[in-house]
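What follows is one structure encoded as structure tokens, with my remarks underneath.
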Amino acid sequence: MGSDGWSSEESQFNKIGTFITVGPAVIGGLLLVIAPDLVPIPLLFGVIAVAGIIGGIMNIYERGPIAAGAVIGLVIALGGFGALYLWLNHRQENARKIELMIAFGVGAIPGFLLQFIIQKMLAARAEQAAPKKRPAGKPGAPRPGSAKPMRRV
């Protein structure tokens, strides 16, 4: 198992997937701050959703279920960007950079929790499917639960 909870270590390809998941959401947030009328909001949400799905698939490729990666990437990207969008609408021009970073992080938390839950479910399934190891003992010694050998007289 990889150090990040999936079935193997993260490759460069997987790390690029992480950037593709989060990068467009951050860039979309910057567009909202710099030029809110430049790009229509529904188009921005659509592009970020597609990038989240593609990035999530790339992040988990060859390490876990592709469908899980797509859902996790979508929830992280849209959650972060959605929280950023709502915070900017609430604070409008008074929003500070640190507030925007916190809003994005808080919005992405459900995606990280979803990833954690899926990883635990997959680990439990793999543990159930693994063959049980027999306890090692002395050669010729009876195994627990087996009949006792006859005594020699």
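None of the values given here were measured: they were computed from a predicted structure.
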Rounded to the nearest 0.5 Å, what's the gap from [atom1] on [X] to [atom2] on [Y]? Could you check?
{"X": "I109", "Y": "L113", "atom1": "CD1", "atom2": "CG", "result": "7.0 Å"}
{"X": "I54", "Y": "I20", "atom1": "CD1", "atom2": "CD1", "result": "7.5 Å"}
{"X": "L122", "Y": "I117", "atom1": "CG", "atom2": "CD1", "result": "12.0 Å"}
{"X": "Q119", "Y": "L114", "atom1": "CD", "atom2": "CG", "result": "10.0 Å"}
{"X": "I57", "Y": "L74", "atom1": "CD1", "atom2": "CG", "result": "10.5 Å"}

Any idea which heavy atoms bring [X] and [Y] closest together, and the distance?
{"X": "G52", "Y": "A77", "value": "CA-CB, 3.8 Å"}
{"X": "I48", "Y": "G28", "value": "CD1-CA, 4.3 Å"}
{"X": "G107", "Y": "A83", "value": "CA-CB, 3.6 Å"}

Self-check item: Evaluation steps, side-chain contact (heavy atoms from CB on, under 4.5 Å), between I66 and I60
Solution: CA-CA 6 Å; I66 299 297; I60 300 182; 5.7 Å; no
Quick one: do [X] and [Y] end up in the same hydrophobic cluster if we chain Ile, Leu, Val, Met, Phe, Trp and Tyr together by side-chain heavy atoms under 4.5 Å apart?
{"X": "V50", "Y": "V39", "value": "yes"}
{"X": "V47", "Y": "I41", "value": "yes"}
{"X": "I53", "Y": "F45", "value": "yes"}
{"X": "V22", "Y": "M101", "value": "no"}
{"X": "I16", "Y": "Y61", "value": "yes"}

Quiz item: Among L38, L100, L44, which residue meets the side chain to side chain contact (heavy atoms under 4.5 Å, CB included) test with L32?
Solution: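 The side chain to side chain contact (heavy atoms under 4.5 Å, CB included) with L32 is passed solely by L44 among L38, L100, L44.
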Exercise. Say whether, by atom type as modelled, one donor and one acceptor occur between the side chain of N14 and the main chain of M58 under 3.5 angstrom.
Key: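 Yes.
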Quiz item: Just by distance, do the side chain of T21 and the backbone of G56 share a donor-acceptor pair under 3.5 Å?
Solution: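 Yes; judged by distance alone, with no hydrogens or angles, the pair exists.
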Quiz prompt | Transitive ILVMFWY cluster of F19, excluding itself - 4.5 Å side-chain cut-off | solution =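 Besides F19, the hydrophobic cluster comprises nothing; the residue is isolated.
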Quiz prompt | Side chain proximity check, P110 to I76, heavy atoms < 4.5 angstrom | solution =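 P110 vs I76: side chains apart.
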Quiz prompt | Derivation of the ring pair (Phe, Tyr, Trp, His ring centres under 6.0 Å) call for F81 and F104 | solution = CA-CA 6 Å; F81 181 71; F104 185 86; 8.5 Å; no
